[in-house]
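Read through the structure below, which is laid out as structure tokens, and then see the notes.
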Amino acid sequence: MKRKIVIGNWKMNPVTLEEARRIFRYTKNLAGKFRRTSVVVCPPFVYLSTFLARKSESPVIIGAQDVYFEEFGPHTGEISAPMLRDLGVTHVIVGHSERRAKGDTDEVISKKVLSLLEVGIHPILCVGEKERDQHGTYLDVLKNQIRDSLNKIPKKHADKLIMAYEPLWAIGAKDAVDPATICEMSIFVKKVLSDIFGHDEAISATILYGGAVNFRNAGDIIAKGQVDGLLVGRESVNTAGFGELLRAVDSL
Ligand code: PGA
């Protein structure tokens, strides 16, 4: 059975290093007990080196929340893929809707994905429609997003890619998308991947769901939604809730 993967996107939380350490310690202690679930934590950049200090002993995989596509140079405020790799980061979220809202286009996202793959980091590529309509236009929106972000990616890198389907209307919302719809959308994402990379790459692709995931709905989303894992926002910095969520996922 494929190992499930739960990724915590802490976003711009928490405000202090002390609190960040507390949440991380709790998550790490739990993650060490799971045999069927990989746990990835994506904290703000400033906490990365603290969490990576004793990486070899940690059962938690450390990811970042974004990257810039150039290697180095006059890009004030940016951080490159080689820098993250040097630190020991193995996973990076790209194309999150909150970054897209700040200007990341599919073209920029495509460059970011490539820069990560070239240094051996797993990109966690977020895709998702803003809204739904009755004519299925949202499917075209999603298809174009995926194609435009991946059409310059060599097929040999396809197995490193992690896709996260996160419709904007579910992010930060009260309720997640229902599992049946998640299942349909994950098949759709695989179909688009198959057109880009080929059948085998699409079948083995890792597809996650994100948007209003919590300890109550996590198990059902994986079991009925047929996804390989979850991208979790708010619940990932709520220690008690995240603990329950991880237990629910690992017991499937
Ligand atoms: P949420 O965020 O779990 O708080 O809805 C998900 C995300 O933005 O990845």
Side-chain angles (χ1 to χ4, degrees), residues 4-15 19-20 23-24 26-27 30 37-45 47-48 60-67 89 91-104 106 109 112-113 116 122-132 138 141-142 145-146 149 161-179 181-182 185-186 189 206-222 225 227-249:
K4 292 176 289 271
I5 172 163
V6 176
I7 303 178
N9 173 11
W10 286 13
K11 307 194 179 183
M12 202 170 73
N13 298 297
V15 171
E19 176 65 358
I23 302 171
F24 186 67
Y26 182 93
T27 308
L30 269 173
T37 310
S38 298
V39 182
V40 184
V41 163
C42 300
F45 286 123
Y47 303 138
L48 287 173
V60 175
I61 298 163
I62 306 296
Q65 296 175 17
D66 197 18
V67 67
V89 168
H91 291 63
V92 175
I93 298 171
V94 182
H96 190 280
S97 63
E98 288 155 15
R99 300 298 325 166
R100 290 178 190 262
K102 288 188 167 63
D104 273 15
D106 288 329
I109 290 163
K112 290 183 171 185
V113 169
L116 292 169
H122 294 275
I124 303 156
L125 174 60
C126 300
V127 292
E129 75 279 6
K130 268 206 188 83
E131 59 205 359
R132 291 217 154 185
Y138 66 93
V141 169
L142 189 60
Q145 235 179 35
I146 300 172
S149 312
L161 192 67
I162 298 172
M163 299 294 296
Y165 171 63
E166 294 207 308
L168 265 69
W169 44 277
I171 295 175
K174 187 167 150 283
D175 297 315
V177 178
D178 67 280
T181 307
I182 292 173
M185 296 311 289
S186 129
V189 171
T206 300
I207 318 269
L208 314 181
Y209 165 79
V213 176
N214 56 40
F215 74 90
R216 288 190 190 86
N217 59 23
D220 257 9
I221 291 175
I222 294 204
V227 283
D228 303 299
L230 305 165
L231 181 53
V232 185
R234 284 159 292 172
E235 195 83 310
S236 68
V237 281
N238 163 19
T239 42
F242 198 52
E244 282 303 303
L245 183 155
L246 292 174
R247 279 192 204 96
V249 170

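For ligands, and for the atoms within them, numbers begin at 1 and follow the listed sequence. Reckoned from all heavy atoms, side chains included, excluding hydrogens, waters and symmetry mates. Note that the structure is a prediction, hence the values are computed from the model and not measured.
Considering only non-hydrogen atoms, atom 9 (O) of ligand 1 lies nearest to E166 out of E166, K174, R234. Considering only non-hydrogen atoms, atom 5 (O) of ligand 1 lies nearest to G172 out of G172, G233, A176. Comparing heavy-atom distances from atom 2 (O) of ligand 1 across E98, K11, Q65 singles out K11 as nearest.
L125 CG to L116 CG: the interatomic distance, rounded to the nearest 0.5 Å, is 10.5 Å.
Within the 3.5 Å criterion, the main-chain N or O of C126 finds a donor-acceptor partner in the side chain of R100. Side chain of Y47 to main chain of P14: a donor-acceptor pair is present (N/O by atom type, distance under 3.5 Å, no hydrogens or angles). N217 places a side-chain N or O within donor-acceptor distance of the main-chain N or O of A212, the cut-off being under 3.5 Å. Judged by distance alone, with hydrogens and angles left aside, the side-chain atoms of Y209 form a donor-acceptor pair with the main-chain N or O of G211 at under 3.5 Å. A donor-acceptor pair under 3.5 Å links the side-chain atoms of D228 to the main chain of I207, judged by distance alone.
Atoms of ligand 1 found under 4.0 Å from any heavy atom of A212 (numbered from 1 in listed order, with element): 1 (P), 3 (O), 5 (O). Close contacts of ligand 1 with G211, meaning ligand atoms under 4.0 Å from a residue heavy atom, involve 5 (O).
Under 4.0 Å from ligand 1, the heavy atoms of H96 that appear belong solely to its side chain.
The closest approach between E235 and ligand 1 stays at or above 4.0 Å for every heavy atom of the residue.
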